[in-house]
Amino acid sequence: MDIRAEKLSLLEWLAGLNDPKTLKEFITLKKSKEVDWWDEISEEERSAIDEGLAQLNRGESIPHEQVMKEVREKFKL
């Protein structure tokens, strides 16, 4: 049986499942397989995000309208 058929079969079985204990086991399994994007990015990317947030907290931000104006002028849009 191919993987699509296996998934469909599993979905059909899960849709008819009425056992709370088994359902909870599936929820636990799902949560254990979920990955936080923060854990998937590099240390350099995390540092850049942290620095950006620190700049915002210090009031060192540029309004969206100003950024868009500069982009339009730079690229003649």
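Counting from 1, the numbers follow the sequence of the chain as shown.
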The criterion is side-chain contact (heavy atoms from CB on, under 4.5 Å); which residues satisfy it with Leu53, sequence neighbours excluded?
Ile49, Leu56

Can you tell me which residue pairs pass the salt bridge (Lys or Arg N to Asp or Glu O under 4.0 Å) test with a partner in residues 11-21, sequence neighbours excluded?
none

How would you list all residue pairs meeting salt bridge (Lys or Arg N to Asp or Glu O under 4.0 Å) that involve residues 44-55, not counting sequence neighbours?
Glu43-Arg46, Glu51-Arg58

Can you find a pair of side-chain heavy atoms, one from Ile3 and one from Lys7, that are under 4.5 Å apart?
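Yes. Closest side-chain heavy atoms under 4.5 Å.
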
Polar side-chain atom of Ser9 near backbone of Ala5 as donor-acceptor pair, under 3.5 Å
no

Test: ring pair (Phe, Tyr, Trp, His ring centres under 6.0 Å). Region: residues 17-49. Which pairs qualify, not counting sequence neighbours?
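Sorted result for residues 17-49: Trp13-Phe26.
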
List the steps, then state whether side-chain contact (heavy atoms from CB on, under 4.5 Å) holds for Glu6 with Asp2.
CA-CA 6 Å; Glu6 288 285 351; Asp2 69 9; over 6 Å; no

Enumerate, atom names and distances included, each donor-acceptor pair closer than 3.5 Å involving a side-chain atom of residues 65-77, sequence neighbours excluded.
from: Gln66; atom 1: NE2; to: Glu70; atom 2: OE2; distance (Å): 3.0

Rounded to the nearest 0.5 Å, how far apart are CD1 of Ile27 and OG of Ser32?
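Output value for this atom pair is 12.5 Å.
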
When rounded to the nearest 0.5 angstrom, what is the spacing between OG1 in Thr22 and CG in Leu14?
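So the OG1 of Thr22 and the CG of Leu14 are separated by 10.0 Å.
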
For Lys30, enumerate each residue passing the salt bridge (Lys or Arg N to Asp or Glu O under 4.0 Å) test, keeping only those at least two apart in sequence or located in another chain.
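For Lys30, the residues satisfying salt bridge (Lys or Arg N to Asp or Glu O under 4.0 Å) (neighbours in sequence not counted) are Glu34.
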
